[in-house]
Amino acid sequence: ELLRQGEALKRTEQMVDKMDQDLKTSQRHINSIKSVWGGLVNYFKAKPPESKPEQNGTPEYYANSRLKEAMMSSKEQESKYQESHPNLRKLDNSGSLTLFCTEYLVSSVQRDSYPKNQHLRAYHQKIDNNLDEMSSGLSRLKNLALGLQTEIDEQDDMLDRLTKKVETLDVNIKSTDKKVRQL
């Protein structure tokens with residue numbers, strides 16, 4: 001949703017830049033109509049170069065790379081979590097998924113660090129694995145939150161820039177409207 005809003009802000013800023021360009025053109029036409037001298041000045045004065053809205057103070061909008069990376073790693077971690085979670089994984093008749101999970105759990109922790117009692121060892125391994133999953137989930141959430149914050153900061157700057165442009169455009173439109181009414 002945030003990426004969609006960023007794109008919408010970019011398009012809005014481009015439209016405001018286009019409106020500003022059109023307003024400058026209309027100012028030239030009003031000067032031509034208003035007096036002979038204004039027409040002569042416009043004739044000899046070079047036409048303002050038509051620039052693309054992206055070159056008119058509006059940087060090209062690309063979604064924050066930090067947010068994209070966080071979203072991609074989040075999807076990867078989510079799929080790994082779903083594969084290993086007993087309630088979320090798909091049942092495999094061959095038992096290969098269960099075998100994979102068991103091998104992963106045993107290899108991920110050192111066997112010597114647990115008590116000799118098998119029940120306590122299994123319990124400690126289960127707790128460690130749950131803590132690892134929680135740590136992974138919290139890391140994923142942290143990265144997503146940091147990516148979202150960076151994207152929000154960039155869009156906030158874009159909104160500030162857009163607000164200034166709209167205020168300037170509003171003043172220019174009112175001035176142009178007044179000139180047209182005087183004609």
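With respect to Asp22 and Lys18, a salt bridge is recorded, a charged nitrogen being found less than 4.0 Å from a carboxylate O. The existence of a salt bridge linking Asp17 and Lys165 is confirmed by a sub-4.0 Å separation between a basic side-chain nitrogen and an acidic carboxylate oxygen. Salt-bridge formation is detected for the pair Lys174/Asp170: a Lys NZ or Arg NE/NH1/NH2 atom is positioned less than 4.0 Å from an Asp or Glu carboxylate oxygen. No salt bridge links Lys164 with Glu167; every basic N to acidic carboxylate O contact stays at or beyond 4.0 Å.
Here the side chain of Asp156 pairs no donor or acceptor atom with the backbone of Ile152 at under 3.5 angstrom. When atom types are taken as modelled, the side chain of Glu154 and the backbone of Gln149 share no donor-acceptor pair closer than 3.5 angstrom.
Hydrophobic clustering of Ile, Leu, Val, Met, Phe, Trp and Tyr side chains at less than 4.5 Å, counting indirect connections, unites Met19 with Leu159. By the rule that hydrophobic residues join a cluster once side-chain heavy atoms approach within less than 4.5 Å of another member, Val16 and Ile173 end up as members of one cluster.
Taken to the nearest 0.5 Å, the CG atom of Asp132 stands 11.5 Å off from the CD atom of Gln125. Here the CG atom belonging to Asp153 is positioned 11.0 Å from the CG atom belonging to Leu148, to the nearest 0.5 angstrom. Taken to the nearest 0.5 Å, the CZ atom of Arg140 stands 12.5 Å off from the OG atom of Ser135. Here CG of Leu23 is found 8.0 Å from OG of Ser175. Values are rounded to the nearest 0.5 Å. To the nearest 0.5 Å, atoms CG (Asn143) and OG (Ser139) are separated by 4.5 Å. Interatomic distance, Lys179 NZ to Ile30 CD1, rounded to the nearest 0.5 Å: 7.0 Å.
Nearest approach of Leu162 to Glu13, heavy atoms of both residues: CD1-CA, 3.6 Å. The shortest non-hydrogen separation linking Asn172 to Gln27 is O-NE2, 4.3 Å.
Under the 4.5 Å side-chain criterion, counting only non-hydrogen atoms from C-beta, Glu7 is not in contact with Leu3.
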